[in-house]
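For reference, the structure is listed below as structure tokens.
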Amino acid sequence: MTVGLLYDSTKCVGCNACSEACKEQNKLPGAVEDHPTAYTYTVVEDHNGANVRKLCMHCLVPTCASVCPVGALRKTPEGPVVYDSEKCMGCRYCMMACPFDVPKYQWDRAVPIVGKCIMCYDRVKEGQSTACATACAYGATVFGERNNLIMDARERIRANPSGYVDAVYGIKEAGGTGVLMLSAVPFGALGLKTNLTDDPPPMRTWQVLSKLPDFVTVWGTSLYAIHWITSRRDEVAKNERGE
């Protein structure tokens with residue numbers, strides 16, 4: 001059984017109870033920030049009067065896990081994508097690969113690690129709801145089995161077609177995600193990426209590489225990868241520092 005979260009933007013009042021609960025559950029220092037960081041895993045953003053949560057989307061086929069050379073990120077059987085800081089070597093490939101720009105780095109620590117939502121995996125393993133869903137008093141965030149959440153989302157749209165965009169964000173984006181979203185305004189207006197393909201990024205990469213001759217794959221891809229990773233890492237670092 002794959003679990004997930006359904007977030008209904010139309011029910012969200014922007015109280016940030018989910019963010020506070022996440023902070024407490026993960027023992028994260030400091031106040032809730034106005035954007036996701038290595039110390040604030042989820043926030044509620046206001047986009048012209050419409051709220052949206054920003055957090056790890058828990059892809060069904062996570063690119064972050066596919067590029068991690070040491071297995072610090074992995075997809076669990078229950079659905080959450082979890083992170084093991086003891087295995088992490090700080091390469092930050094996950095930050096470069098994530099189609100949703102989720103993983104963040106602790107630039108201020110001598111021994112930094114990556115920070116991101118792990119969908120309260122310890123609670124999920126015990127059959128409990130996530131801290132954010134439990135804390136939401138307005139039913140904007142609901143925890144449950146992914147297929148049931150999809151049915152719930154579609155039923156909400158059927159019951160109130162004028163109140164929702166006729167789509168559920170996360171069913172197909174980047175191959176599908178464990179976090180699903182409903183909105184009364186176009187998803188792009190909430191700052192969500194709308195140019196993602198339906199194929200999981202790791203599958204597209206493999207389809208391309210499998211058609212190349214071995215020597216091109218090994219040498220050409222490796223040389224390009226080194227150049228791309230170096231450039232992308234510098235870009236991510238500048239963005240993280242606000243430069």
Side-chain angles (χ1 to χ4, degrees), residues 1-19 22 35-36 41-66 75 78-81 97-103 116-117 119-120 124 129-130 132-133 136-205 207:
M1 180 181 71
T2 299
V3 299
L5 295 171
L6 172 61
Y7 172 75
D8 189 336
S9 175
T10 70
K11 294 181 178 294
C12 181
V13 299
C15 67
N16 263 320
C18 54
S19 303
C22 178
H35 61 282
Y41 294 169
T42 184
V43 298
V44 178
E45 295 180 353
D46 182 299
H47 290 261
N48 296 316
N51 293 317
V52 63
R53 281 191 67 189
K54 293 297 178 70
L55 71 163
C56 175
M57 297 297 288
H58 296 277
C59 300
L60 301 186
V61 184
T63 312
C64 61
S66 74
K75 180 76 171 177
E78 296 85 355
V81 178
C98 177
F100 298 100
D101 299 323
V102 167
K116 77 166 204 72
C117 161
M119 204 186 286
C120 297
V124 169
S129 173
T130 60
C132 61
C136 183
Y138 300 92
T141 298
V142 179
F143 173 80
E145 201 273 320
R146 185 175 184 269
N147 288 336
N148 292 338
L149 294 176
I150 291 174
M151 289 190 290
D152 181 7
R154 286 173 170 161
E155 179 55 36
R156 295 188 193 198
I157 294 173
R158 281 194 293 269
N160 184 19
S162 63
Y164 292 100
V165 172
D166 188 15
V168 182
Y169 190 89
I171 288 183
K172 295 181 178 180
E173 282 75 11
T177 61
V179 177
L180 307 164
M181 296 192 176
L182 291 173
S183 174
V185 300
F187 296 117
L190 296 178
L192 297 172
K193 292 192 175 184
T194 57
N195 60 345
L196 300 172
T197 66
D198 294 348
D199 297 324
M203 297 301 295
R204 296 203 312 275
T205 301
Q207 288 167 1

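- Taking each heavy atom of A189 and V185 in turn, the nearest pair found is CB-CG2, 4.2 Å.
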Working for side chain to side chain contact (heavy atoms under 4.5 Å, CB included), residues K116 and V81: CA-CA 9 Å; K116 77 166 204 72; V81 178; 3.9 Å; yes
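- To the nearest 0.5 Å, atoms CG (L55) and SG (C22) are separated by 8.5 Å.
- In this structure a side-chain-to-backbone donor-acceptor pair under 3.5 Å is missing from H58 to G178.
- Using a 4.5 Å cut-off on side-chain heavy atoms (C-beta onward), C98 and P103 make contact.
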Please report the C-alpha distance between R53 and V43 in whole Å, then the side-chain angles of each, then the deciding distance to 0.1 Å, and finally whether the side chain to side chain contact (heavy atoms under 4.5 Å, CB included) criterion is met. CA-CA 6 Å; R53 281 191 67 189; V43 298; over 6 Å; no
With a 3.5 Å cut-off and sequence neighbours excluded, list the donor-acceptor pairs that the side chains of residues 167-176 form with protein atoms.
residue, atom, partner, partner atom, Å
Y169, OH, K193, N, 3.4
Y169, OH, K193, O, 2.5
E173, OE1, G170, N, 2.7

Can you list the steps and then say if F143 with V3 is a side chain to side chain contact (heavy atoms under 4.5 Å, CB included)? CA-CA 7 Å; F143 173 80; V3 299; 3.8 Å; yes
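- R146 and T2 share no side-chain donor-acceptor pair at under 3.5 Å.
- Side-chain N or O atoms of D46 include one that pairs as donor or acceptor with a backbone N or O of G49 at under 3.5 Å.
- Formation of a donor-acceptor pair under 3.5 Å by the T42 side chain with backbone atoms of K54 is found in this model.
- A donor-acceptor distance shorter than 3.5 angstrom exists from the side chain of S9 to the backbone of N51, with no hydrogens or angles considered.
- At a threshold of 4.5 Å between non-hydrogen side-chain atoms, the residues C12 and V44 count as touching.
- G139 and R156 make their closest contact through O-NH1, 4.1 Å (heavy atoms, listed as atom of the first residue, atom of the second, distance).
- Atom CE of M119 sits about 9.5 Å away from atom CE of M57, to the nearest 0.5 Å.
- Side-chain atoms of Y164 and D8 include a donor-acceptor pair closer than 3.5 Å.
- Considering all non-hydrogen atoms of both residues, F187 and L182 come closest at CE2-C, 4.2 Å.
- When every heavy atom of A50 is checked against every heavy atom of L190, the shortest pair comes out as CB-CD2, 3.6 Å.
- At distances below 3.5 Å, not a single donor-acceptor pair connects side-chain atoms of K11 with backbone N or O atoms of T141.
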What do the steps show when you test V61 against C59 for side chain to side chain contact (heavy atoms under 4.5 Å, CB included), and what is the final call? CA-CA 5 Å; V61 184; C59 300; 5.8 Å; no
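- Taking OG of S129 as the start and CG of L5 as the end, the distance is 7.5 Å to the nearest 0.5 Å.
- Between T177 and F100 there is a side-chain heavy-atom pair separated by less than 4.5 Å.
- Here the closest heavy-atom approach between residue I157 and residue V165 is recorded as CD1-O, 3.8 Å.
- Y7 contributes atom OH, which lies 8.5 Å from atom SG of C136 (distance to the nearest 0.5 angstrom).
- In the displayed structure, R154 atom CZ is contacted under 6.0 Å by at most 12 heavy atoms of other residues, nucleotides or ligands.
- Smallest separation of non-hydrogen atoms from T10 and G163: CG2-O, 3.8 Å.
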